[in-house]
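Scroll down for the structure; my scribbles are underneath it.
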Amino acid sequence: MFKKLSALLVALLSSVAVAQSDYPNRPIAWVVPFAAGGPTDALARSIADVTSKQLGQYIIVENTPGAGGTIEATKVARATPDGYTFLVGYMGYMGAAPALYKKLEYNPVTDFEATFRFPDTPLVLMARNDHPAKNVKELYDYAKKNPDQVFMGNAGLGSSSHFIAALVANAAGADVKHVPYKGAGLALIDVVGGQIDGMYDQTNTAFPQITEKRVRALAVTSKTRLPQLKDVPTLNETILSGFEASTWYGIYAPKGAPKVAIEKVQNAFLQAMKDKAYADKLQSQAIQLLPEQQYLGSSLAKHTEAEVVRWRAVAAKSNLAMD
Ligand code: MLT
């Protein structure tokens, strides 16, 4: 009897080992909970492309926007943890959301396996070309004189384009109107078209519009000026001394996903980042490369935990909580 059982166990274990060693044997889904064409989508597609080449398997990016990403984060938290579904997470729904939403159906720390972190991306404050404010100070002075008359687009409640705009307006003592879209790409179309006054957008999607002079860049959220936008001041040097913000992203699997899947996906990304031409391409968009250690899933797990704590403190001070 004992012999039979152990033979069965060995057979079972080896079939699991085979299944794990040929991972991934079908396409993998990465869920982006924002509309296509925005900064998260653009960066995720670029990283999916280089990671999938290393993995030897397709990574399909799915865009399913809504509620600042919290609906899809909930779905991925509940998805089968088979190593074939991942969430493209970021500082909004994986960092700030527990502080911003009174009811949240997932826990960014305990419901996911942090897989790897992307490089970070700073943001640019842009205004429509025909707005009377010609610089960042003038924009916030205008907003102070005209409460609720500056319409700022964002990628939904609790997105980084929303809470960075809210934090800056609070700190500047200005009342602006926040206009939510299903993704920053859609908001940017309306800044270009002049339907809204401005927005904070990540550099990778902001740069082409700035270069083509379809919008006016007023300030960057990095601590120091960006080499690609030398004439654009920081918020730090103009209206908000000490201010610095950039968006962080990472890949997460549902809790319980096979270790082999997490490691293979993480290692494929690490390998892709060794390609200097690719790293240079990211840097040309002002995307900030990190030391390799910080890309690891283990570092992302710690970072997520720290961000949840940090945003609770920020939200408590700034009264940012939402229903
Ligand atoms: C944001 O926080 O604004 C985003 O990056 C959203 C997006 O990619 O659409």
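Each ligand, and each atom within it, is numbered from 1 in the order the structure gives. Source: prediction; values computed, not measured. Residues take their numbers from the sequence shown, with the count starting at 1.
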K302 atom NZ, over 12 foreign heavy atoms within 6.0 Å:
no
Quick one: does ligand 1 sit under 4.0 Å from the side chain of [X], the backbone, both or neither, non-hydrogen atoms only?
| X | result |
| --- | --- |
| H162 | neither |
| Y200 | neither |
| Y249 | side chain |

Does the ring centre of F118 sit less than 6.0 Å away from the ring centre of F116?
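Yes.
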If you take the centroid of each ring, where Trp contributes its six-membered ring, are F269 and Y295 closer together than 6.0 Å?
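Ring centroids of Y295 and F269 are less than 6.0 Å from each other.
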Compare G68, P33, A155 and give the one whose heavy atom is closest to atom 6 (C) of ligand 1.
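Shortest heavy-atom distance from atom 6 (C) of ligand 1: A155.
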Tell me which protein heavy atom sits closest to atom 8 (O) of ligand 1, plus the residue, atom name and distance to 0.1 Å.
T40 OG1, 2.6 Å
Considering only protein heavy atoms, which is closest to atom 9 (O) of ligand 1, and at what distance to one decimal place?
A184 N, 2.7 Å
Atom OG1 in T238, atom CZ in F243: separation rounded to 0.5 Å?
10.5 Å
Within-cut-off N or O pair, G38 and ligand 1, under 3.5 Å:
no
Between S161 and ligand 1, does any nitrogen or oxygen pair lie at a separation below 3.5 Å?
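Yes.
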Can you find a heavy atom in the side chain of D280 that is under 4.5 Å from one in the side chain of Y278?
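Sidechains of Y278 and D280: no contact.
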I'd like to know whether ligand 1 has Y181 as a neighbour, heavy-atom separation below 4.0 Å.
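Judged by the 4.0 Å heavy-atom criterion, Y181 does not count as contacting ligand 1.
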What do you reckon, does G92 put a non-hydrogen atom under 4.0 Å from ligand 1?
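Checking ligand 1 against G92, which is what was asked, there is no heavy-atom contact under 4.0 Å.
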Near G183 (heavy-atom distance under 4.0 Å), the atoms of ligand 1 are 9 (O)
Of all residues at least two apart in sequence or in a different chain, which pass the side-chain contact (heavy atoms from CB on, under 4.5 Å) check with A206?
V124, M126, D201, I210
side-chain contact (heavy atoms from CB on, under 4.5 Å) with D190: which residues, sequence neighbours excluded?
Y181, Q195, I196
Using a strict threshold of under 4.0 Å (side-chain N to carboxylate O), is an ion pair present between E307 and R312?
no
